[in-house]
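Keep in mind that what you see is a predicted model, and the values were worked out from it rather than measured. Every number for a ligand or one of its atoms is a count from 1 in the order of the listing.
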Amino acid sequence: MFTKILVANRGEIALRIMRACHEMGIQTVAVHSEVDTDSLHVRFADEAVCIGPNPPGESYLNFNRIISAAEITSAEAIHPGYGFLSENSEFAEAVTSCGIAWVGPSQEAIEKMGNKSQAKDMMRQAGVPVIPGSDGPVSDEKEALRVADEIGYPVIIKAASGGGGRGMRVARDTQDLANALLIARAEAESAFGDASVYLEKYLPTPRHVEVQLLGDSYGSIVHLGERECSIQRRHQKLIEESPCAALIPELRDRLLNTAVQGARSIGYTSAGTMEFLVQGDDFYFMEMNTRIQVEHPVTEMVTGRDLIKEMIAVAAGQPLSFAQKDVRFTGHAIECRINAEDPMREFAPCPGKVGFVHLPGGMGVRVDSHVYQGYTISPYYDSMIAKVICHGLNREEAVRRMIRALEECVVDGVHSTIDFQRAILQEPRFERGDLSTRFLEGYQWDGETLVLGGAVAAK
Ligand code: MV4
């Protein structure tokens, strides 16, 4: 096992990783920008290295500075967390070629899954259902028209190098398509430096359901169930839960086993997530995230398994500490990402100094946060304040516990998403588990009352 790991990240995920390291008897190295000098991840670490100024490109995204920090502190491994360099295959390769272990999947796996069109192709070949559409990128308008005609309208155009919803366009009919194609291409080029796009049948009211996977270097691959992340706003997840309320046992088994089969086909190691769209009784592969995700604690609460510890063990050449048959799913868990954003102003980030803070506690409540009274939320990085995760015997108890936990929360000095999230949890449609990725389409919020658009019911 490693004796020292460098954590190439900041905020709550850096703390989360260091907590696992400390429990494993592994020393930790923090890296940080200037503005993060007083941050908790620096205090939690056994050693800390300032790697540069606040713009991420000069610190948290800077290959050389991070690798140099690992070298001068003799760290044997680097955990990238999420965001920043976590899905950068060139960084993974730079790290390993310096003789430092990468706590994540292979450089090849990151690269393969990074191209969404190619990933879809590989999963189709592995027998994973994919949304009907073009065979890889479409070369011109003529081909797009032919494919759209074949699969039927509406269709959605997606960037091959995309993800996160950028460069996506829906076309309702032939007239729409040419225009949508031009816009999608231009957006893809400017956002990803790659104008290639592919076509899919547009699903009217899908649910976003993702499967948590773990693989080791001995060929063992397990799933840790699914998470439903349909409650999003502009592709920012607000609430995640496990299990998904919509899956009957037969469908759930099929989804989970299919995800394992897909991961096995690419020899996947470490933690990863396969994202699916679920429409009625059908599910379709969407993309694979080759990193630990923000919402991983939801899975930890229902399985009792520590995903970060498993990632570290696998990177050190050990087998997974358990087999599929050992995994038990208990109760229901929900996470709210509390952000310093103003729901009254289009969720504009609200950096600034936090006054009085009280984060919730009590039975079944986990809080992952790097924020403390007097902490300043920097405009340079994401505006997360805390993740509140609640576990209950069933969905109803988990939801009620979350409402209770959010009512306990006090974060003075900055706007936050707390009241908005509480209002969602109190919506009858949420209570019924009647979710889709369009749940928040056309909502109104006056700071107290949430009125849903209502035009789209999930099917
Ligand atoms: C779709 C879709 C409907 N039909 N594909 C959005 C993010 C990107 N990774 C894929 N996305 C979607 N793809 C087809 N064929 C609807 C979405 C979508 C969505 C998906 C997951 C979570 C939230 C979403 C919000 C809007 C649209």
*asked:* Residue-level breakdown please: for Leu203 versus ligand 1, do any non-hydrogen atoms fall below 4.0 Å on the side chain, on the backbone, on both, or on neither?
replied: both
*Quick one: does His235 get an N or O within less than 3.5 Å of an N or O on ligand 1?*
no
*Measure centre to centre between the rings of Tyr202 and Tyr153, then say whether the value is under 6.0 Å.*
no
*Are Thr273 and Glu210 linked by a side-chain donor-acceptor pair shorter than 3.5 Å?*
no
_Asn115 side chain to Ser117 side chain, donor-acceptor N/O pair below 3.5 angstrom_ = no
*Can you sort out which atoms of ligand 1 are near His208, meaning under 4.0 Å from one of its heavy atoms?*
21 (C), 22 (C)
*Taking the minimum heavy-atom distance to atom 1 (C) of ligand 1, which of Lys158, Met286, Lys201 ranks first?*
Lys158
_Taking 4.0 angstrom as the limit and counting only heavy atoms of Gln232, give me the atoms of ligand 1 inside it, by number and element._
22 (C), 23 (C)
*Report yes if some N/O of Glu287 lies less than 3.5 Å from some N/O of ligand 1; otherwise report no.*
yes
*Does a donor on one side chain sit under 3.5 Å from an acceptor on the other, for His296 and Arg227?*
no
*For ligand 1, is Met168 a contact, meaning one of its heavy atoms is under 4.0 Å away?*
yes
*Is there a side-chain contact between Arg422 and Met402, using heavy atoms and a 4.5 Å cut-off?*
no
*asked:* Would Pro206 count as being in polar contact with ligand 1, using the rule that some N or O on each side must be under 3.5 angstrom apart?
replied: no
*Below 4.5 Å, heavy atoms only, C-beta onward: do Ile157 and Met168 meet side chain to side chain?*
no
